[in-house]
Amino acid sequence: MILYFSATGNSLAVARQLAEGLNERLMLLTEAVQQDLTAEKRVGLVFPTYDFNLPPAMPEMIKRLKISPQSYVFTVVTCGSMVGNCIWVLRRLLREKGIELAYSHKVSMPDNSALAFGRNPNKQLGKFDRVPARMELIIREVQAESHTLHYSWFGLLSWLLGRPAVERGMIHFLGPKVKADKCTGCGTCVRVCPMNNIILQPRSVQTEQSSNNASAQTGEAAQVALIGDRCTVCLACVHACAQQAISTNGQEARKERQYRHPEIKLKDLLLR
């Protein structure tokens, strides 16, 4: 079983290759936490690194996972360059459940994180040249049930960034924000959010009357996206918004900087 968490398709693309190469089933991590997976003999966890740590929502999901201590558990982390403390933290969380992480590796992908927002991930596509060889290696080693933890060290800076107070502050400052005057209420962000953290709410008449958005019509109960308080800063909404109506890190979204893995379609990331 290959479990994945993906916002812009990097981790989904890797998870698909693993599932095909290992002849395993594929499942969203957010769905897996509601399943009993104790019968699975091999479980892979594929996810991105956020600010050198696990995505903020992942620790709770790992705690809720039901997998057997006898399973061969491995992880593949996608990242811009460094995994930080991702693997170290994952190993600790699994050990608290009596489960040993047997194998880990990373795959470098275009960086589209909140900290990197402003750099154009679409100008980093050269990283894909190294992916086939890395995936071939990972699949071969997992098939052999290798017990090797690549990139599993502890880093002080990553540990500091992962402190709850620091993480909450980073989510507050780096988290996505909707520009109501640009939002057309299409609902794409609602459907792509892995945390089910975005809703559409009626736009007030006052907002409509003052809006310069040509799609907003005075007097109609148009809708606008509202982001809740469970954001994990995956930026799925930022990169999927066709109107570039969601900003992050204080920077306006730009169409040329919006990113999705070239092998992944938007419909592959829609969750509802």
Side-chain angles (χ1 to χ4, degrees), residues 1-50 54-55 57-58 61-62 64-79 83 86-87 90-91 93-94 99-110 112 125 127-152 191-192 194 234 236 239-240 259-272:
M1 176 71 74
I2 307 298
L3 311 179
Y4 72 93
F5 182 88
S6 187
T8 58
N10 283 343
S11 293
L12 174 54
V14 168
R16 280 181 171 177
Q17 291 183 55
L18 287 172
E20 181 178 353
L22 298 169
N23 193 27
E24 293 283 359
R25 290 185 296 151
L26 194 61
M27 183 180 291
L28 274 165
L29 186 55
T30 50
E31 294 179 3
V33 297
Q34 304 173 43
Q35 308 289 326
D36 185 346
L37 304 178
T38 53
E40 299 293 331
K41 295 183 179 179
R42 182 165 58 190
V43 178
L45 297 163
V46 184
F47 57 90
T49 176
Y50 291 172
L54 290 173
M58 272 200 65
M61 287 192 280
I62 296 301
R64 293 171 57 194
L65 267 182
K66 296 177 183 177
I67 54 180
S68 170
Q70 282 71 51
S71 298
Y72 177 81
V73 180
F74 69 97
T75 189
V76 178
V77 178
T78 59
C79 59
V83 301
C86 271
I87 296 169
L90 176 63
R91 185 184 187 194
L93 291 171
L94 289 171
I99 299 167
E100 282 295 327
L101 181 65
Y103 179 87
S104 64
H105 223 308
K106 75 170 184 176
V107 178
S108 295
M109 293 279 190
N112 54 94
L125 302 186
K127 292 181 178 180
F128 290 134
D129 295 341
R130 299 187 293 273
V131 172
R134 177 58 57 88
M135 291 303 301
E136 183 180 343
L137 170 67
I138 292 171
I139 290 171
R140 185 170 64 248
E141 292 187 336
V142 171
Q143 284 175 329
E145 295 198 352
S146 169
H147 282 67
T148 306
L149 294 176
H150 302 279
Y151 306 103
S152 61
R191 299 177 65 197
V192 81
C234 71
H239 289 283
Y259 171 83
R260 186 169 65 248
H261 190 283
E263 295 177 6
I264 303 299
K265 299 182 184 300
L266 177 59
K267 66 178 183 179
D268 298 327
L269 297 171
L270 296 178
L271 305 177
R272 55 193 65 85

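Here the structure is a predicted model, which is why all the values come from computation and not from measurement. Side-chain atoms are counted along with the backbone in the values below, which use heavy atoms only and exclude waters and symmetry mates.
- A search for side-chain hydrogen bond (donor to acceptor under 3.5 Å, both in side chains) contacts involving T30 returns nothing, not counting sequence neighbours.
- Among residues two or more places apart in sequence or in another chain, the side-chain hydrogen bond (donor to acceptor under 3.5 Å, both in side chains) test is passed with S11 by T78.
- Note that CD of E141 and OG of S104 are 10.0 Å apart. Values are rounded to the nearest 0.5 Å.
- Residue pairs meeting the salt bridge (charged side-chain N to carboxylate O under 4.0 Å, His left out) criterion with at least one partner in residues 31-46, sequence neighbours excluded, are E24-R42, R25-E40.
- In this structure, R260 and L266 approach most closely via the heavy-atom pair NE-N, 3.3 Å.
- Rounding to the nearest 0.5 Å places CZ of R130 at 6.0 Å from OG of S108.
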- Task: Begin from the C-alpha positions of L149 and F74 and carry the test side-chain contact (heavy atoms from CB on, under 4.5 Å) through to its verdict.
- Result: CA-CA 9 Å; L149 294 176; F74 69 97; over 6 Å; no
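- Screening K127, M135, R134 for a side chain to side chain contact (heavy atoms under 4.5 Å, CB included) involving V131 leaves a single residue, M135.
- Between L26 and A19, the closest heavy-atom pair is CD1-CB, 4.2 Å.
- One finds the CZ atom of F47 at 5.0 Å from the SG atom of C86 (value rounded to the nearest 0.5 Å).
- Pairing each heavy atom of S6 with each of L12, the nearest pair is OG-N, 3.2 Å.
- Taking CG of L37 as the reference point, atom CE of M1 lies at 5.5 Å (rounded to 0.5 Å).
- The minimum heavy-atom distance between I138 and K106, with the atom names listed, is CD1-O, 4.3 Å.
- Here the side chain of Y72 pairs no donor or acceptor atom with the backbone of Q143 at under 3.5 angstrom.
- Put simply, CD1 on I62 and CZ on R91 are 15.0 Å apart, with the number rounded to the nearest 0.5 Å.
- Residues satisfying the ring-ring contact (aromatic ring centres under 6.0 Å, His included) criterion with Y151, sequence neighbours excluded, are H105, W153.
- Side-chain atoms of S68 come within 3.5 Å of backbone N or O of Q70 as a donor-acceptor pair.
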- Task: Begin with the C-alpha distance, continue with both residues' side-chain angles, and end with the deciding distance and a verdict on side-chain contact (heavy atoms from CB on, under 4.5 Å) for Y103 and E145.
- Result: CA-CA 8 Å; Y103 179 87; E145 295 198 352; over 6 Å; no
Point to revise | Check against side-chain contact (heavy atoms from CB on, under 4.5 Å), T38 and I67 | key: CA-CA 4 Å; T38 53; I67 54 180; 5.7 Å; no
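- The environment of E136 atom CD is sparse: at most 12 non-hydrogen atoms of other residues, nucleotides or ligands sit within 6.0 angstrom.
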Residue pair L3, V43: steps toward the side-chain contact (heavy atoms from CB on, under 4.5 Å) verdict = CA-CA 7 Å; L3 311 179; V43 178; 3.9 Å; yes
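- You'll find the side chain of C79 stays beyond 4.5 Å of the side chain of P48, heavy atoms only.
- Using a 4.5 Å cut-off on side-chain heavy atoms (C-beta onward), M27 and Y4 make no contact.
- Shown here are the side-chain hydrogen bond (donor to acceptor under 3.5 Å, both in side chains) partners of Y259, two or more places apart in sequence or in another chain: N10.
- Across all non-hydrogen atoms, the minimal contact from V192 to A240 is CG1-CB, 4.2 Å.
- Shown here are the side-chain hydrogen bond (donor to acceptor under 3.5 Å, both in side chains) partners of R16, two or more places apart in sequence or in another chain: D268.
- Here F128 and H261 bring their ring centres to under 6.0 angstrom of each other.
- V77 has its side chain out of reach of V107: every pair of non-hydrogen atoms, C-beta onward, lies at least 4.5 Å apart.
- The side chain to side chain contact (heavy atoms under 4.5 Å, CB included) test with L45 singles out one residue from L101, V76, T75, and that residue is T75.
- By the neighbour-count criterion of 12 heavy atoms within 6.0 Å, atom CD of E100 is densely surrounded, having more than that number from other residues, nucleotides or ligands.
- For the atom pair I2 CD1 and E20 CD, the distance stands at 12.0 Å (nearest 0.5 Å).
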